[in-house]
2 protein chains.
Amino acid sequence: MKNKTGEAETALTVQAAAAQTGLSVHTLRYYERAGLIPSIRRDDGSGHRRYQDRDLTFIEFLKRLRTTGMPISEMQRYADLMRQGNITMEERKAMLEAHRERVRLQIAELQASLSAIEWKIENYDRLGLEQAVSTSEKEGTNGIK
Amino acid sequence: MKNKTGEAETALTVQAAAAQTGLSVHTLRYYERAGLIPSIRRDDGSGHRRYQDRDLTFIEFLKRLRTTGMPISEMQRYADLMRQGNITMEERKAMLEAHRERVRLQIAELQASLSAIEWKIENYDRLGLEQAVSTSEKEGTNGIK
DNA sequence: CCTTGACTTAGAGCACGCTCTAAGGTGTAC
DNA sequence: GTACACCTTAGAGCGTGCTCTAAGTCAAGG
């Protein structure tokens, strides 16, 4: 959905920005109100939001943070630091480093869980349609409800 | 925290089960009420829950499903199927297979986000304490608030 | 001019997954 | 027998992250 030759076109409406980022219009406004997004420029007459390329780039980054489970409150802190300028670079970097570790842990946990799930699926294969009782479930058949 | 030589001891109280699984007492009862856990046996006189090894094993599996983002409603469906016995094995296996794909996707997404975060951290290193404006943020310094 | 439609705001509402409360039962220790 | 710890239940409450509503503004088209 690039404009012409892919050069700076800027100025998307909130709808267009929603379409492009995959967030809802509501969520975009919510993020801005929450102070996560710095400043979105407005159209002179109407006061409507006009998303520029750098806004969209930053929103993509915010999406990364959310995807990886960073709470809104921490993203607010990060955005606050950005607003304070360069003197906060170290702290921002430290936040990202801490978050990086959490993400690595998350990935490791998911991988362990994936293994467990795969193992369970293989169990269903092994004990397939002949026998039933799997290695960790001997329930069923007793009408509990 | 195994009992003696690590053999079958069964019969943990809800507190002990909570300690062992890392879930709260409240959550254990909530899961049972929600029909996620099949049956937990009760003490004759008091009616108190007595968690057996297989209960704990199954709870660990439930934790895997939750960790990987399976909604409670879907876990309820899975537990329902278990209660219906062996004829539902295929459907249960299908559920796990579908979930496995979602988990794989999640991991891929997390890894992509991790890369983005790492890249951003490296940016802070590169533009370090000398210059400030990073590749995707030229905010700051304009007192918005 | 006036309708249409996309936008604006502040604030209410909602789904999810717990988490806690209130009122009461059981059983062991003194 | 009574204090105490620990359990039971049904149901209310809560934090998070959206999601939606109501009331109003603006600009372009007929």
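The basis for the numbers below is simple: all heavy atoms, side chains too, and nothing from hydrogens, waters or symmetry mates. First the proteins, then the strands, lettered A, B, ... as listed; each starts at 1. Just so you know, these numbers come straight off a predicted model, no measurement behind them.
- One can place CG of L36(B) at 13 Å from C1' of dC16(C), the figure rounded to the nearest angstrom.
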* Apply side chain to side chain contact (heavy atoms under 4.5 Å, CB included) to the pair R66(B) and K63(B), showing each step before the final yes or no. => CA-CA 5 Å; R66(B) 280 296 304 134; K63(B) 276 177 63 185; 5.7 Å; no
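- To the nearest angstrom, P of dC6(D) lies 17 Å from CG of L28(B).
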* Under 4.0 Å protein heavy-atom contact, by nucleotide of nucleotides 17-30 of chain C - B base, S sugar-phosphate only -> SBBBB---BSS---
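- Not a single donor-acceptor pair under 3.5 Å links the side chain of R50(A) to the backbone N or O of A11(A).
- Salt bridge present: R42(A) and E32(A) bring a charged side-chain N and a carboxylate O closer than 4.0 Å.
- The separation between L12(A) atom CG and dA6(C) atom P is 16 Å, rounded to whole Å.
- Taking 4.5 Å as the limit, some side-chain heavy atom of I72(A) sits within range of a side-chain heavy atom of Y30(A).
- Using a 3.5 Å distance cut-off with no hydrogens or angles, the side chains of R92(A) and Y78(A) do not pair a donor with an acceptor.
- A donor-acceptor contact closer than 3.5 angstrom links the side chains of T68(A) and H99(A).
- Residue contacts shown for V25(B) are absent, as no nucleic acid heavy atom lies under 4.0 Å away.
- Atom CD of E32(A) and atom P of dG11(C) are 17 Å apart (whole Å).
- OP1 or OP2 of dC7(D) has at least one side-chain nitrogen or oxygen of Q15(B) nearer than 4.0 Å.
- Using a 4.0 Å heavy-atom distance criterion, R42(B) is classed as a sugar-phosphate-only contact.
- As a whole-Å value, the separation of I37(A) CD1 from dC18(D) P is 12 Å.
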